[in-house]
Number of protein chains: 2
Amino acid sequence: MIIAFENYLRLQTDLNGADIRRIGALAVPRKLRRNEFLLREGEVCRHKVFIVSGLLRTFGLTPDGSEHILQFSPENTWTLDAESYDRQIPSHYSISAVEPGEVLLWTKADFDGLLEEIPQLKSFAGQLISRNIYSGRQRLLTALSATPEKKYEDFIKNSPELLSRLPLRMIAAYLGISLKTLNRVRQAQLLRS
Amino acid sequence: MIIAFENYLRLQTDLNGADIRRIGALAVPRKLRRNEFLLREGEVCRHKVFIVSGLLRTFGLTPDGSEHILQFSPENTWTLDAESYDRQIPSHYSISAVEPGEVLLWTKADFDGLLEEIPQLKSFAGQLISRNIYSGRQRLLTALSATPEKKYEDFIKNSPELLSRLPLRMIAAYLGISLKTLNRVRQAQLLRS
DNA sequence: TGAAATTAGCGTCAAATGACCTCTTTTTGA
DNA sequence: TCAAAAAGAGGTCATTTGACGCTAATTTCA
């Protein structure tokens with residue numbers, strides 16, 4: 001499990017073997033069952049999380065109890081609630097497993113130490129954060145401007161591999177449309193093809 | 001004009017006087033007229049921008065030509081298109097002045113130099129970026145989940161000072177609702193009070 | 001394996017929304 | 001200062017959307 005993570009670092013960064021092992025050595029593995037929570041709204045996000053296998057979702061609840069999904073995190077990606085983690089304050093969002101899977105956890109103290117000791121890790125983390133910002137912007141623009149049709153098309157274009165792994169109601173919760181509307185969009189696409 | 005910026009840094013950071021003057025020395029002032037563009041979609045964002053006075057907006061265009069506003073930037077805030085600036089690639093968004101105003105510009109080369117030389121500036125910049133991420137998250141959740149009523153209430157709660165400075169059509173373009181719907185929401189609020 | 005839970009899909013209906021239009025008032029900039 | 005442009009407000013109407021209820025198929029997990 002940690003091997004998989006070390007391979008990821010080898011492929012995605014130019015970190016040397018010693019540093020990679022140092023990072024892996026501080027990771028704590030954890031298995032997740034379907035629907036198990038990694039973080040609940042109101043708790044403090046105490047770990048940085050790398051997903052080795054499985055699929056997580058980050059979502060917020062509205063007062064009426066409905067879920068809205070901010071992010072899906074499949075294998076070989078990272079997740080956390082940034083504000084809660086950075087400032088160690090209660091989180092506004094929850095993170096739970098859509099599929100069973102395995103993750104690696106680092107405490108903030110440990111990871112901050114690694115960032116200080118390994119400049120290349122810091123630069124890599126910065127790149128990940130940047131990419132997140134860019135895609136978040138695009139996502140906001142789509143949420144503001146696109147029709148349900150367009151939102152669904154964008155989703156398929158950006159995340160084709162997730163389509164078959166997610167129940168439609170979660171895709172609807174991610175796009176900010178009702179399941180009914182999503183079904184209508186899909187129906188219309190079938191007719192057109 | 002640069003004095004105002006230096007005061008801002010004095011208030012918001014613990015940078016010392018020498019560093020503050022060093023940062024100010026590399027700034028290039030520019031005046032903006034109403035509706036003047038600072039960045040056009042397709043251009044590369046070559047500067048970091050601090051707004052001394054006035055009000056800017058960052059927006060994206062949809063294929064049908066309608067504008068959707070990602071961000072308002074009033075005095076004493078910063079703006080740029082992060083992806084275009086970081087990677088020096090054509091921007092997906094435009095930035096223009098809602099009100100006439102004054103801004104300070106730093107080229108990426110100059111600002112990168114300052115970040116290297118002044119660790120406290122780097123840490124301050126990091127804080128600003130973080131805050132931007134947090135509020136972007138919240139904004140996305142609102143865009144996905146809230147009714148037009150709630151979106152407008154959130155806007156008033158988060159940015160009361162902008163309400164009187166913006167034409168309603170821009171508020172509508174920021175909230176992702178039509179001007180008609182915004183008017184209906186406002187009408188309903190008048191009746192309720 | 002088999003019962004229970006979840007999911008996909010559809011019909012109906014009421015409500016919300018946006019497109020298009022007009023009219024008046026306010027603001028802008030030459 | 002004054003003509004032109006922009007903004008605010010509202011009316012009508014067609015369309016889109018979501019809420020609710022139902023059934024059948026699929027998946028989950030004890």
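Residue numbers begin at 1 in each chain, while the letters A, B, ... track the order of the sequences. Only this structure's heavy atoms are used, side chains among them; waters, hydrogens and symmetry mates stay out. Because the structure is a prediction, the values reported are computed rather than measured.
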Point to revise | Whole angstrom value for the distance that separates C1' of C/dT26 from CZ of B/R34 | key: 12 Å

Check your understanding: Does the pair B/R165/B/E75 count as a salt bridge with the N-to-O cut at 4.0 Å?
Key -> yes

Review point. Taking atom C1' of D/dA19 as reference, at what distance in whole Å does atom CG of A/L182 sit?
Key: 16 Å

Exercise for review: State whether the distance check finds a donor on one side and an acceptor on the other, under 3.5 Å, for side chain B/K180 versus base D/dG8.
Suggested key: no

Check your understanding: Quick one: B/L168 CG to C/dT27 P, roughly how many Å, whole number?
Key -> 13 Å

Check your understanding: Within less than 4.0 Å of OP1 or OP2 of D/dA6, is there a side-chain N or O belonging to B/R169?
Key -> no

**Study point:** Value in whole Å for how far the C1' atom of D/dG18 lies from NE2 of A/H68
**Key:** 12 Å

Exercise for review: Using a cut-off of strictly less than 4.0 Å, decide whether A/R186 has a side-chain nitrogen or oxygen near OP1 or OP2 of C/dG9.
Suggested key: yes

Practice item. For B/T181 and for B/N35, find the nucleotide of DNA chain C with the closest heavy atom, then tell me which residue's nucleotide is more 5'. Key: B/T181

Point to revise | Length of the CD1-P vector between A/I177 and C/dG9, whole Å | key: 13 Å

Practice item. Considering just the side-chain nitrogens and oxygens of A/Q187, establish if one lies under 4.0 Å of OP1 or OP2 belonging to C/dG9. Key: no

Review point. To the side chain of B/R184, which of D/dG18, D/dT17, C/dG18 is closest?
Key: C/dG18

Check your understanding: Would you say A/S178 reaches D/dT17's phosphate, i.e. side-chain N/O to OP1/OP2 under 4.0 Å?
Key -> no

Study note, to complete from the structure: Minimal heavy-atom distance between A/S73 and A/I51, with the atoms involved, is CB-CD1, 3.6 Å

**Study point:** Under 3.5 Å: donor-acceptor pair, side chain of B/S130, backbone of B/G126
**Key:** yes

Review point. Distance check: side-chain N/O of A/N183 vs OP1/OP2 of C/dG9, anything under 4.0 Å?
Key: yes

Review point. In whole angstrom, what separates A/L190's CG from C/dC10's C1'?
Key: 14 Å

Review point. Hey, does B/R10 have a side-chain heavy atom less than 4.5 Å from the side chain of B/L15?
Key: no

Revision key, fill the gap. Atom CG of B/L166 and atom C1' of D/dA7 are separated, to the nearest Å, by 13 Å

Review point. Rounded to the nearest Å, what distance is computed from the CD atom of residue B/E149 to the C1' atom of nucleotide C/dA16?
Key: 10 Å

Exercise for review: Indicate yes or no: at least one non-hydrogen side-chain atom of A/R137 is less than 4.5 angstrom from one of B/H92.
Suggested key: no

